[in-house]
Structures are given as C-alpha cells and as structure tokens.
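In what follows, chains are A, B, ... by sequence order, proteins preceding strands, each numbered from 1.
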Amino acid sequence: MAKAITRRSEDYSKWYTDICLRAELADYAPVKGCMVIRPNGYAIWENIRNALDSMFRETGHRNAYFPLFIPESFLKKEAEHVEGFAADCAVVTHGGGKELEEKLYIRPTSETIIWHMYKKWISSYRDLPLLYNQWANIVRWEMRTRLFLRTTEFLWQEGHTAHATEREAREETLTMLEVYRRFAQDYMAMPVICGKKTEREKFAGAVDTYSIEAMMQDKRALQAGTSHYLGQNFARAFDVQFQSQEGRLEYVYATSWGVSTRLIGGLIMTHSDDNGLVLPPKLAPTQVVIVPIWRSDQQRAEVLEAAGKIKSVLQGVSVEIDDRDNVSPGWKFNDHEVKGVPVRLEIGPKDIQNSQVVAVRRDTGEKSTTPMSAAGEVIPKLLSQIQAALFNRAKALLDDNSYPVETYDDLKSKVDQPGGFLYAHWCGGHECEDRIARETKATIRNIAIDAPREEGACIICGEPSPHRVPFAKAY
RNA sequence: CGGGGCGUGGCGCAGUUUGGUAGCGCGCUUGAAUGGGGUUCAAGAGGUCGCCGGUUCAAGUCCGGCCGCCCCGACCA
C-alpha cells in the first residue's frame, strides 16, 4: 500500500497539500515559497488560460507582453500603490556584475510599467479604448505561502484598459467581473458571489475593487478573481492625458483585472475528496481514461483494439488509453482516481464478449455498463452530467453555509464553527469592519451590487445599515 | 519576525539517549508467475548521514557555529 492521502476531516490543510503533491500538480522548488508546476498542474492551467483567453477576445481584448523589470521610480509614482506593494517586492540591485544606477523591481503587478507605455500611445480620444491583457508571471514576497494559493512567484493574467470616460471604464470593470463569474461557474463548476470590496480590502491604487468569492469545502472563502476600477489614479501618476472630441485635455480612465494560478487551488478545494483530485470535465486535461484488462497476449490485442475504437468514436473528448504493462488494473484505477480523471472506462475480456464497456464516475464512484455501440453518445453526456453535478454540489455547499447572523456575539460564535458566509448588518464604517477583522479574523468578502435592501442596525455600533454583507474567514 | 518540526540512498523514515562495520519500507533494475480495486516471489543497483569547525584511537551519534526547507501565526491574490 502506498501512503494514503490525509483525510479532510483529519487535517484539511494537510489534505490539500497531499492532493497537490500526490496528483503531481506541483512540487516544492528549492527556493522558499516557490513551486514547480508539474505537467498535470500545468495542463489544467493551460485549459484555464485557453478558456479565459477566448472570453477575453470575445470582449474585444488583445494580448501583449510587458517586461518583468520595473524601474524603482515607476512604483513610487502612485502613492497608495507604492505603499501597498513596495515592501513585498523582490528587487534587483546588480546586473552584469555591476551595481545598477536605478534598482529594478520584479513586477508585483504591471500597472506602473503599462501606464508608462500608455502615455506614449495615447494622445487622442481616437486612441481609446485600449483593451490589453497579458499572461505573465509576477513575484510578491509573501510571508507565508501555500502551493497554488499563495506562492512567491505565480502565473496570472492581468488586463489593463484605458478609456475616455468614467462610465465606459466602470462598464469594463463589471464586464470583466462577469467574465470571471461565468468562467468560474461554467468551467470550474465553482459558484461565486460577486460584489464590491470594502475600502479596507480594495486594491492599492484602485477607486473600486470588485471580486468573485468562492466557498471552499472547509467553508472558508477564496477570493478567486478581482476587477478594479482605477479611475484616473494611474493616468495622473503617469500623466496620461488625451484630447477629447470637444478639444479638452483629460486624464484617461483605467481598469485592471486578474486571475491567477490560485484558481487551481480553488478548483482543488472545491471538488476534490479523500481519494484524490476531482476535476470538472471542462478543465480536465484527460477527460476519459480507458483501462484495458487482459491476461493473455491475444486478449491484450483484442482489448486494445476495442479501446482504440472507443477512443476514435469519442471525437472532441480527451481520451487516454492506459496500456502500461507494468502495473495492474487495480493500481491504474487508483492512480487515475488520485489524479482526478472524470471518467474511467474499463474494458476486459468479459466486456468484449458482451460488447460493452464499464464506465466509472470519479465524482460519485458510480459504475454503469454501456453497449459499445452507444459509447459515442453516452460518454459525452456523462461528462456534462458530471460537470453539472459538481457545480450543483458546490452550489449546495455555498447555499447551505450562507446564513444571516443578528448580533456580534452570534457572529463570533459561528465564525469558526460552523463557519461559512455569515450575513450581518454593517454600518459601512471602517472602524467596525476593522474591529471584527481583528477580533474574529473574519472579513467582509464583498458587497453584492444588487444586495437586497434590508434596513437594519450595524452589529457593532448600531448605526443604520442598508443591507447585510457576508463575513467569512478567507484564504 | 515569533512559535513548532525536520534535514540520513529517488521518496518516507529508524538509528543519536549510552560514540565502535549505515539499516527498514516503498520505489528502481533483472527474471518468473500474476492481472476486473494499490499483485507475489527471487536476485540486484543505489548513501562523502544539510554545511563548517572542534573533542576523540574512533562521530550520523558529543560540543560550537552556520545554512536550508516545511507547518502554525502576523502580511497578502
């Protein structure tokens, strides 16, 4: 018996790490806080990237690439931004064996260098909007790291757009938030709540930050994507003005938005179980694995031939035939379970005889028998059923663990056990929010744009509150 | 930065208390049988015990120093 995966009930955090390592998604790199994304993990990232990339294209964006190094002076141009990021940066002081005249920061995010360039490219309303995105790596010197969820270096996508009007920029911010919501729901099978971050939680340099927030199986929140309305902050800092149709000189309005490899952490903690990784079919690198079973060489040939036929019938489905001869079928079952392949097909001599195939769902473990002739229709259908079932299960967890709390004592007693999203009245004041965060470690995840109006009193100060906001502990 | 843990074949660990020929399990290689839920047997390969210094006839083990990683917390996506 190989070493078992730690059970969620025993140690959720250890379980998470076990999944990452055992499913061979990632491994620890020699540098503290850094990880290697292994092919199994990277293939998921590629699927995420491909899906998002086409959604970005459909909304009019183009990809570009900006450099890794940012001159120190750039980072200092926007006051809040430097305060938020400067301390978390890796800094290059030497190059080519000489001390540099100006230090180079490894980008923690690219607003500054991008807005430096936008100044060159924007002079008229005719140059707007600029709708750029880049896929890149960034570095933030975090104190405490966790595979995928928070690593020193990580991969992400950052959109940076420039607009002539506030209205247009605000629309863009919400459009991209909606893209993220749709992606989370349709591809990751991960339901999220959308809304605006509080002042305390917003991005350094933004006017408004919006986020999608998911609930993990331990009922903690995961901020899974952010979309910022930057107003004219960066345009002013980098002096990016344009001449409007009316001939006035105006500062450009900006947005930025991003998701990262953290999404893979979210994917793991949303769907996986004590037996290993569980992946939604739409993002699974291998959607179907065929495990052929044989004894004699003749059976081997027959079974492999049947497996090949099934594979060829499943056009548009990512199918792998596991024909390894050095491990037993039972070993393979386990292996693909740990690695999260959504559907396993077993084909052995018995099945050949009955001209059928046995299908096993990763999410439920349910076995079914399908006539080989029907596999072409049944299997794709099964994959979409799994995709839907995963979403429904996650949605049920989110719904079942979102509930109102009426008093601060109530919140305090429930924030750890049972946990979840605790909806409470809040006056909107920074002090009340801060006290709750300090004393309970629960933060306001976001404020729904269409939060139903409900008059109430702040659970801290008693001042009027127009609606409830969700408090939760977050990753 | 504070607290905890760990550094010994590829991986997981024992051995350190009481100094005396470096071990176990898994994996790997070869062969045979096996094959519908982590298969069995046999034979092999593989280690300057994190680094530097000291004590000693003799150090994985004792002493001093250093380095690194992981986990928990403060910071954050």
Just checking Asp351(A): base, sugar-phosphate only, or nothing, at a heavy-atom cut-off of under 4.0 Å? base
Walking RNA chain B from its 5' end, the first of Thr152(A) and Lys32(A) to be reached, judged by nearest nucleotide, is Lys32(A)
Is it the case that G37(B) (base atoms only) and Asn275(A) (side chain only) share a donor and an acceptor within less than 3.5 Å, ignoring hydrogens and angles? no
Between His160(A) and Phe66(A), is the gap from one ring center to the other below 6.0 Å? no
Select from Lys202(A) and Pro329(A) the residue whose nearest nucleotide in RNA chain B is closer to the 5' end of that strand. Pro329(A)
Taking any strand in view, what nucleotide pairs with G9(B) in a Watson-Crick or G-U wobble way, both distances under 3.5 Å? none
Between C1' of U39(B) and CZ of Phe333(A), the distance in whole Å: 14 Å
Quick one: label Asp11(A) by what it contacts on the DNA or RNA (base, sugar-phosphate, nothing), any heavy atom closer than 4.0 Å. nothing
Would you measure the distance from the P atom in C57(B) across to the matching atom in C51(B) and give it in whole Å? 24 Å
Tell me what Val291(A) touches on the nucleic acid: a base, only sugar-phosphate, or nothing, going by heavy atoms under 4.0 Å. nothing
Could you measure between the two P atoms, the one in C49(B) and the one in G53(B), and give it in whole Å? 13 Å
Using a 4.0 Å heavy-atom cut-off, does Arg324(A) contact any base of the nucleic acid, only the sugar-phosphate backbone, or nothing at all? nothing
Measure NZ/Lys332(A) against P/U39(B) and give the value in whole Å, please. 12 Å
Does G37(B) have OP1 or OP2 sitting under 4.0 Å from an N or O in the side chain of Lys367(A)? no
Phe183(A) vs Tyr187(A) aromatic rings, parallel, tilted or perpendicular, using cut-offs 30° and 60°? parallel
Side-chain N or O of Tyr28(A) closer than 4.0 Å to phosphate OP1/OP2 of C71(B): yes
Which whole-number value in Å describes the distance from Arg140(A) CZ to C75(B) C1'? 12 Å
Tell me which nucleotide, if any, is Watson-Crick or G-U wobble paired with G35(B) when both distances must be under 3.5 Å. none
Taking the C1' atom in each of U56(B) and U61(B), what is the distance between them to the nearest angstrom? 13 Å
Answer with base, sugar-phosphate or nothing: what part of the nucleic acid does Lys197(A) contact at a heavy-atom distance below 4.0 Å? nothing
Using the C1' atom on both, measure C75(B) against C66(B) and round to a whole Å. 28 Å
For U21(B) and A33(B), measure between their P atoms and round to the nearest Å. 43 Å
Assign the ring pair Phe56(A) / Tyr180(A) to parallel, tilted or perpendicular, where the plane angle (0 to 90°) is split at 30° and 60°. perpendicular
With sugar-phosphate meaning primed atoms plus P, OP1 and OP2, does Glu142(A) contact a base, only sugar-phosphate, or nothing at under 4.0 Å between heavy atoms? base
Look through every strand shown and name the nucleotide pairing with A14(B) as Watson-Crick or G-U wobble, where both distances are under 3.5 Å. none
With a 3.5 Å limit on both atom pairs, tell me what C1(B) is paired to, counting Watson-Crick and G-U wobble, or say none. G73(B)
Should A58(B) form a Watson-Crick or G-U wobble pair with both distances under 3.5 Å, which nucleotide is its partner? none
Residues, nucleotides or ligands: over 12 heavy atoms within 6.0 Å of Glu24(A) CD: yes
Could you tell me whether Asp416(A) and Lys473(A) have a side-chain N and a carboxylate O separated by less than 4.0 Å? yes
C1' gap between G37(B) and C1(B), integer Å: 49 Å
Give Lys350(A) one of three labels, base, sugar-phosphate or nothing, depending on what nucleic acid heavy atoms sit under 4.0 Å from its own. base
Counting only side-chain N and O atoms of Arg150(A), is one of them less than 4.0 Å from OP1 or OP2 of A77(B)? no
Using OP1 and OP2 only, check whether a side-chain N or O of Arg144(A) sits under 4.0 Å from C72(B). yes
Determine whether the aromatic ring centres of residues Trp257(A) and His61(A) are separated by less than 6.0 angstrom. yes
Base of G36(B), side chain of Arg295(A) - is there a donor-acceptor contact under 3.5 Å? no
Rounded to the nearest Å, what distance is computed from the CH2 atom of residue Trp141(A) to the C1' atom of nucleotide A77(B)? 17 Å
Under-4.0 Å salt bridge between Asp274(A) and Arg7(A): no
Return the value, rounded to whole Å, for the distance between atom CZ of Arg22(A) and atom C1' of G12(B). 12 Å
Counting only side-chain N and O atoms of Ser328(A), is one of them less than 4.0 Å from OP1 or OP2 of G38(B)? no
Rounded distance (Å) that lies between atom P of A77(B) and atom CD1 of Ile212(A): 14 Å
Separation of G38(B) atom P from His336(A) atom NE2, nearest Å, is 15 Å
Answer for the Watson-Crick or wobble partner of A45(B), both distances under 3.5 Å, is none
Sugar-phosphate, base or nothing in reach of Gly365(A), heavy atoms under 4.0 Å: nothing
Whole-Å P distance, G64(B) and G46(B): 37 Å
NZ/NE/NH1/NH2 to OD/OE distance under 4.0 Å, Arg344(A) and Glu337(A): yes
Glu111(A)-His228(A) side chain donor-acceptor pair, cut-off 3.5 Å: no
Does a side-chain N or O of Ser13(A) approach OP1 or OP2 of C72(B) to a distance below 4.0 Å, or not? yes
Would you classify Thr151(A) as touching base, sugar-phosphate or nothing, given that sugar-phosphate means primed atoms plus P, OP1 and OP2, and contacts are heavy atoms under 4.0 Å? base
Which part of the nucleic acid, if any, lies within contact of Leu149(A), taking any heavy atom under 4.0 Å across all strands shown: a base, the sugar-phosphate backbone alone, or nothing? base
Expressed as a whole number of Å, how far does the C1' atom of G73(B) sit from that of C11(B)? 30 Å
